[in-house]
Amino acid sequence: MSRYSAAEIEPKWQQAWEQAGTFTAHRDPAKPKYYVLEMFPYPSGNLHIGHVRNYTMGDVVARHKLATGHAVLHPMGWDAFGLPAENAAMEKKIHPGAWTYANIANMKAQFSKLGLSLDWSREFATCDPEYYGQQQAMFIDFMERGLVYRKNAVVNWDPVDMTVLANEQVEDGKGWRSGATVERRELTQWFFKISDYSDDLLGALDGLDNWPDKVKLMQRNWIGKSRGLQFSFSLVDGPAGHDRVEVYTTRPDTLLGASFVGVSPDHPLARHLEKDNPDLAAFNAECRKMGTAEEEMEKAEKRGFDTGLRVRHPFDTAWELPVYVANFILMEYGTGAIFGCPAHDARDLEFARKYDLPVVSTFAPTSDSGHTLPEDGGEAYVPPKTDTVSYVRGFAGETEQTGNEAIDAAIAFCEANAVGHGVTKFRLRDWGLSRQRYWGCPIPVIHCDACGVVPEKKENLPVKLPEDVTFERPGNPLNWHPTWRDVACPKCGKPAQRETDTMDTFVDSSWYYARFTAPHAATPTVAEDAAYWMNVDQYIGGVEHAILHLLYSRFFARAMYACGHLPASAIEPFDALFTQGMVTHEIYLTRDENGRPMYHLPSEVTNGTLADGRQVEIIPSAKMSKSKKNVVDPEAIIAQYGADTARWFVLSDSPPERDVEWTASGAEAASKHLARVWRIVTEAATAPDQGTGDDALLREMHKAIHDVTLGIESFGFNTSVARLYAFTNALQKSDAGRAARVTAARTLAQLMSPMTPHLAEELWNRLGGEGLIANAPWPTADPAMLIDDEITLPIQINGKRRAEITVPRDMAKDEIEKRVMASDAVQRAMADGARPKKLIVVPGRIVNVVF
RNA sequence: GCCCGAGUGGCGGAAUGGUAGACGCAGGGGAUUCAAAAUCCCCCGCCGCAAGGCGUGCCGGUUCGAGUCCGGCCUCGGGUACCA
């Protein structure tokens, strides 16, 4: 008997699959199709163990579906545009394209060692002109459908580097390279009209039955449909052209608790007033010295500037409220102006206390629950709108009503009294796709002095990125290129200039799933292929993409349908979604002479010490990230133990949806187990002809088939693995005859094949299995073999387990009761004369005797 | 700040409202061996000599019965529109 050697068998079977074209997807009308897709990776340079986990999970699904007779599409590509390539260009003086394609080559080699059932003939990178050219064609289609427009929007501006920064590049309000205080700057930018679909994107979530509830809930909240009141305050002696301030509120029922009016520093009124008011101009300028991130805005101290202007309350013209410019009001949402009701909004309360403004409750809890009113120093009272509360300063509806009822009544009251009108608004903003960067898909339009903004002719696509660029100078290299911008206007032929903005990389990843159905076609999609393969039956990726990527993809599918690039049935492109957890690891660091952190790889650290004896600081586990160096290199594990061990290991123990803390100790154990399976399975072939445990072993086998299959189908891979351990133990201890043991061993190989495909092929082959195990029909459990004749019932006394009885599984309830009453435990409990009050028999489950 | 999750032995975790800790790791003991490696067998939540008691982040509640359902917290993680 030979020993298990991953190094020998893995390349052999990888070659066999390739030669047989086992994983090449074909349209086959005779089979049900199955499209399984994992979120494609950013080519950062190396696979990390998180990739191994993610793609192994998808592979288990794909291989299982292949074995259950599906035509499987399981493709792979590269999300290849983005910031890190430009950072590498600046730091390492290497062209972003060269860096990216080198990374792809490296990662593809690592991928191929994992034995994933991928159809590599469909591979593409989003930075391939063949791909982004089709993306440009769709952009032009979207323009023609009115789904694209330009408007001003703010960006993070680094005044030293003279460049736009990503939110990630702003640290504590400073540019990460220059250290300069970041400013907000307005630029004219391109937008997709995702807001046209707000209601549809919201409503359609209800039909996504196989999406996690948490993702649907996050998207619902993000889209943020709200019913509110839009009305205006009239200004007392307002400046010319500003006689009113239009506000939007989702809580019109709190109008009698109004304390002040706040406007955004970018509100037209604020901009008007700052011209003649240097103090206000300074305040606004200070507000604009902040990044654009919502998180930064919200966490910043609430500050305001009293304009001195006053407005009249719409219900009482004698009641005047002050007008503040406030740093926490977004121009992008609502009207850029609010009325503050400190009693029922935490931000407003913080603001009111700071500027000594009145705090007046309009409603309170219905019963005195120890709640302290905000006017008495308590917190703002913001119950869910579905809670019934008591209105102390109500003006519409009942005294006791829910927030929603009060809001509806308030809107009706205001409409009847011509104070304002009910409006439905969405939190979702249009998708700004402009990036002032090189390494992205060029926006295919031309600016002509005579014709304005003109789309490039489709026959001139792709608009390719120029190769000869330098990153010496900050800013967008496309702007500094000597000739690239210069082009003839497609309309009038006169000299004109190309747009130099490139697209957000979320655009690239918003339709790649559709492109995989016809990856090298001369149009974005091909109707026949899209009709056959769409939708993605199972999409798998990190929960960090729960909102943006998935929402943008849902929008894109709708826009592509509108332009004829996808069938109507594909507007929800992902039938089922699974969000897997991340692989985390501790972070190790030392500090340089300036106290700045220097990170160290886990492989450099032993027991908290570096090779040179220095102690490291340990930061608790976080998402693996290259910059923090808390990454584990899967290649070392594959080299030492083989791909099957790495795959088995990442599927073991931790539930797929949960984050998993990486520890090195398990790899050894996984490897040992595979060697043990090898031994036990090969021994089965030489077992004695006759044995005594055939039936018992085959029952175990059918239970294993049932449980392992259920685990795979429900993304409980860790429980499938646990069940396979148990089945392996049963096979080892079995004294069944050879025929039964070989049957069990072949089934074990099949059940393991989605997880450890190379080992499974080799064992299958050695046990005389026909063809490739990858194509062998998945075993089915015989229901009759899953049911035991006898069952063990625990006996509880007052809810605590005290004994158990073993009875035939179909024993009548009253017979069970008799036996329970006769049992020692119950007799003992009755010894002092106590009599049971209640006897609960849950058939097949448990018995509870209550005294 | 706001939205969404997660918390069970030394560790990873299992458990349709029904025996908490399956399965595995680490640890302990034993067999085999000249010795070792490899392999195999047994033990293994906490307190207690025991009887028994206590145990699923914390505090309450519903139930014959709660890790699981409800209310209120705490801690950690993800997202927060230019990281992908």
Side-chain angles (χ1 to χ4, degrees), chain A residues 3 39-42 44 79 81-84 87 155-156 164-170 194 212-215 217-222 224 291-300 302 328 332 346-347 350 427-437 504-506 508-509 542-549 551-552 579 581-582 584 620-623 625 627 652-655 657-661 663 665-666 668-670 672-673 675-676 679 716 718-719 721-726 729 732 792-796 798-804 837-840 842 844-850:
Chain A
R3 287 172 61 94
M39 291 178 185
F40 64 166
Y42 179 80
S44 57
D79 188 14
F81 276 134
L83 269 183
N87 294 335
V155 294
N156 299 310
V164 177
L165 298 178
N167 285 335
E168 187 190 49
Q169 297 172 318
V170 180
I194 190 172
D213 288 337
K214 62 179 173 186
V215 173
L217 189 55
M218 280 189 265
Q219 291 215 356
R220 274 189 200 103
N221 291 337
W222 184 262
T292 58
E294 186 201 35
E295 183 189 1
E296 193 186 344
M297 295 267 298
E298 287 283 341
K299 278 190 182 163
K302 310 290 171 279
F328 61 92
E332 288 84 12
R347 286 181 309 187
E350 184 186 336
R427 203 186 80 99
L428 179 65
R429 306 198 296 258
D430 276 332
W431 174 4
L433 67 116
S434 281
R435 297 292 180 270
Q436 292 71 41
R437 282 191 252 287
D504 178 8
T505 56
F506 274 124
D508 312 332
S509 56
V543 71
E544 65 270 26
H545 295 294
I547 297 174
L548 293 179
H549 162 63
L551 193 61
Y552 290 155
T579 56
M582 293 174 305
T584 62
S621 278
K623 175 176 164 179
S625 114
S627 59
S652 306
D653 293 351
S654 282
E657 69 278 9
R658 200 122 111 203
D659 288 353
V660 58
E661 164 74 8
T663 57
S665 62
E668 180 73 31
K672 276 186 189 173
H673 178 70
R676 182 165 163 255
R679 219 163 36 239
N718 56 322
T719 57
V721 167
R723 201 60 193 73
L724 286 165
Y725 269 105
N729 292 343
Q732 182 184 34
T792 301
L793 286 182
I795 299 173
Q796 290 185 332
N798 291 331
K800 293 218 178 262
R801 182 186 171 281
R802 293 296 174 196
E804 59 183 35
K837 282 197 216 118
K838 216 170 175 182
L839 185 61
I840 294 152
V842 184
R845 275 291 179 189
I846 202 165
V847 180
N848 193 7
V849 188
V850 185

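Quick note: numbers below take in every heavy atom, side chains included, and nothing from hydrogens, waters or symmetry partners. So you know, we letter chains A, B, ... as the sequences are listed, proteins then strands, and number each from 1.
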Proximal nucleotide (of B:G13, B:C83, B:A84) relative to the A:Tyr42 side chain: B:A84
Sugar-phosphate only, base, or nothing, as touched by A:Ser434 at under 4.0 Å among non-hydrogen atoms: base
Sugar-phosphate, base or nothing in reach of A:His545, heavy atoms under 4.0 Å: base
Whole-Å distance separating the CZ atom of A:Arg435 from the C1' atom of B:A84: 12 Å
Whole-Å C1' distance, B:U80 and B:C58: 29 Å
Nucleotide of B:C64, B:A81, B:C4 approaching A:Val850 most closely (side-chain heavy atoms): B:C64
Pairwise C1' distance, B:C64 and B:G27 [rounded to whole Å]: 40 Å
B:U16 and B:A6, which share atom name P, separated by this distance in whole Å: 15 Å
Nucleotide N/O of nucleotides 16-19 of chain B paired with protein N/O under 3.5 Å:
residue : atom : partner  : partner atom : Å
B:U16   : O4   : A:Arg845 : NE           : 2.8
B:U16   : O4   : A:Arg845 : NH2          : 3.3
B:U19   : O2   : A:Arg801 : NE           : 2.6
B:U19   : O2   : A:Arg801 : NH2          : 3.3

Basic-acidic side-chain contact under 4.0 Å: A:Glu294, A:Arg429: no
Mind listing the N/O atom pairs, protein and nucleotides 68-71 of chain B, below 3.5 Å?
none

Identify the pairs formed between an N or O of the protein and an N or O of nucleotides 22-24 of chain B at a distance under 3.5 Å, and give each distance.
residue : atom : partner  : partner atom : Å
B:G24   : OP1  : A:Asn729 : ND2          : 3.0

Between B:U19 and B:U68 - P atom distance, rounded Å: 14 Å
Residue whose closest nucleotide on RNA chain B lies nearer the 5' end, A:Ser654 versus A:Lys672: A:Ser654
Nearest-neighbour nucleotide for the A:Lys214 side chain, B:G5, B:U39, B:C83 considered: B:G5
Sugar-phosphate, base or nothing in reach of A:Trp431, heavy atoms under 4.0 Å: nothing
Aromatic plane relationship, A:Tyr725 with A:His673 - under 30° parallel, 30 to 60° tilted, over 60° perpendicular: tilted
Distance test, side-chain N/O of A:Arg427 to OP1/OP2 of B:U80, below 4.0 Å: no
Distance below 4.0 Å between A:Gln219 side-chain N/O and B:G79 OP1 or OP2: no
Could you go through nucleotides 44-46 of chain B and list every protein N or O atom that sits under 3.5 Å from one of its N or O atoms, giving the distance for each pair?
none

Sugar-phosphate, base or nothing in reach of A:Gly432, heavy atoms under 4.0 Å: sugar-phosphate
Would you tabulate the pairs of protein nitrogen or oxygen atoms and nucleotide nitrogen or oxygen atoms of nucleotides 6-8 of chain B closer than 3.5 angstrom?
residue : atom : partner  : partner atom : Å
B:G7    : OP1  : A:Arg658 : NH1          : 3.1

Spacing of A:Leu551 atom CG relative to B:C4 atom P, expressed in whole Å: 16 Å
Sugar-phosphate, base or nothing in reach of A:Gln169, heavy atoms under 4.0 Å: nothing
Sugar-phosphate, base or nothing in reach of A:Val164, heavy atoms under 4.0 Å: base
First encountered from the 5' end of RNA chain B, between A:Lys302 and A:Phe40: A:Lys302
Identified stems (criterion: three or more consecutive Watson-Crick or G-U pairs, under 3.5 Å), RNA chain B: B:1-7 with B:74-80, B:10-12 with B:23-25, B:27-31 with B:39-43, B:45-47 with B:52-54, B:57-61 with B:69-73
Interatomic distance at C1', B:G7 relative to B:G12, whole Å: 14 Å
Sugar-phosphate, base or nothing in reach of A:Ala300, heavy atoms under 4.0 Å: nothing
Listed nucleotide nearest any side-chain atom of A:Glu294, set B:C40, B:A84, B:A81: B:A81
Nearest-angstrom distance from the residue atom CD of A:Glu657 to C1' of B:G77: 14 Å
Touch class at under 4.0 angstrom, heavy-atom based, for A:Pro655 against every strand present: sugar-phosphate
